[in-house]
Amino acid sequence: MAVLQEQTATGHDFLQRSLAEVDPEIADAINLEIQRQNDTLELIASENHVSRAVLTAMGSVFTNKYAEGYPGKRYYGGCGPTDIVENIAIERAKKLFAAEHVNVQPHSGSQANMAVYFAVLKPGDTIMGMDLSHGGHLTHGHPLSYSGRDFKVVAYHVRKEDERIDYDEMDRLAQENKPRLIICGASAYSRVIDFKRIRQICDRSGSLMMADIAHIAGLIVTGNHPSPVPYADFVTTTTHKTLRGPRAGLIICKEQFAKDLDRAVFPGVQGGPLVHIIAAKAVSFQEAMQPEFKEYQTQIVRNAKALAQAVGDAGFRIVSGGTDNHLFMTDVFSKGITGKDGQNMLEAANITVNKNTIPFDTQKPMVASGLRIGTPAVTTRGLREPDMKTIAQLIARVLDAKGDNGVIADVKKNVKDLCDRFPIY
Ligand code: DSN
């Protein structure tokens, strides 16, 4: 009895109790989320469904470990297994991306970008990035982000006539402003990015080049999109979008920047690495090296093209007229529906997308004229081109009925039938 009381006092018995026993509210919420994901057509372009292997690594005892530093050079004892994990993650990422140097510690894409800025920029330096409303990202110089606070930011855009990146404007702005760093990569752009051309622009203006490939990393490792690695000084990515790993970040750089970059990640912007997440990254890199992963990425693009075509056939304007990658933007305001309302109507039918501004948008970001639609998650669960036609019809029914409750209820049933044919977890 005395021993038991002592164990209780030190919390030892807690170690053995299930989540449902310890915290039924959170256990229930997790179960609700499993149910939601199973019953939902997930078309948010930046989301995916990871494997059980990735989930297992994320939920492993490595969450208990502190490991400031890098393999072989840690500030804490007991880092033997941690070094195994981080070294494997580094080697796999180097092979996957054909990279000279890789840092696998960034907790997120935002922190990966911050580390690159810390490594090569000083406050007051000029940077160039794509305007957020034209498809860029907050961390590419938006005034509300850290990236827009300490630097002089020059934004480049897409052309009005074809909604594709205006490389001539980028070149002209680079010549006029001589930025220290030109950032390319996007979160809402459906066309191939010409990394070689951007390298030439950087060389003419004496700028460093950073490619943020968060959205298209999976397409890049499988050759479904040209790689920036041969051209860019720095390549940043998240690991959870098309790459289908844990929610985290990664940085690739040329060997000459390796030391500065590693110092910028730790101790520059982060403390202890999340070793459990690095373990999960390693697992996802292993998965990404398999032949099936190439088939998966190829199918993502086929599905995106089929879905864009079918949504266009249903009368919705597709930004830039189509897609080369995993996503497309549709201008729902062309049919008198705001992005905000469209997102809400579709969510009611268990189809999730996100409202998004489109180039030259007349609506505010919280309202927006567009919906961003992507296929990584539905492709993971096994849907193919014929299913994309079905999904487009369901989307069009909900939007054309302006969210009519009867139509939503009927579409929700169709969504459930489709989801039941393709279970996830
Ligand atoms: N939030 C991500 C996306 O949805 O694209 C970018 O950080």
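Each ligand, and each atom within it, is numbered from 1 in the order the structure gives.
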Can I get a per-line list of side-chain donor-acceptor pairs under 3.5 Å for residues 124-132, giving both atom names and the distance, sequence neighbours left out?
{"from": "D125", "atom 1": "OD2", "to": "K122", "atom 2": "N", "distance (Å)": "2.8"}
{"from": "D131", "atom 1": "OD1", "to": "S133", "atom 2": "N", "distance (Å)": "2.9"}
{"from": "D131", "atom 1": "OD1", "to": "S133", "atom 2": "OG", "distance (Å)": "2.8"}

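Listed by first and then second residue, the salt bridge (charged side-chain N to carboxylate O under 4.0 Å, His left out) pairs that reach into residues 192-201 are D168-R197, R199-D203, R199-D233, sequence neighbours excluded. Within the structure, salt bridge (charged side-chain N to carboxylate O under 4.0 Å, His left out) pairs that include any residue of residues 382-402 comprise K335-D400, D387-R421, R397-D410 (at least two apart or interchain).
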So what's ligand 1 close to, N/O to N/O, under 3.5 Å?
{"from": "ligand 1", "atom 1": "4 (O)", "to": "S46", "atom 2": "OG", "distance (Å)": "2.7"}
{"from": "ligand 1", "atom 1": "4 (O)", "to": "R372", "atom 2": "NH2", "distance (Å)": "2.7"}
{"from": "ligand 1", "atom 1": "5 (O)", "to": "H215", "atom 2": "NE2", "distance (Å)": "2.7"}
{"from": "ligand 1", "atom 1": "5 (O)", "to": "R372", "atom 2": "NH1", "distance (Å)": "2.8"}
{"from": "ligand 1", "atom 1": "7 (O)", "to": "H137", "atom 2": "NE2", "distance (Å)": "2.7"}

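With D331 as the partner, the salt bridge (Lys or Arg N to Asp or Glu O under 4.0 Å) test is satisfied by one option alone out of R317, K355, R372: R317.
Between Y231 and F195, the ring centre distance reaches or exceeds 6.0 Å. Aromatic pair H140/Y156: ring centres not closer than 6.0 Å.
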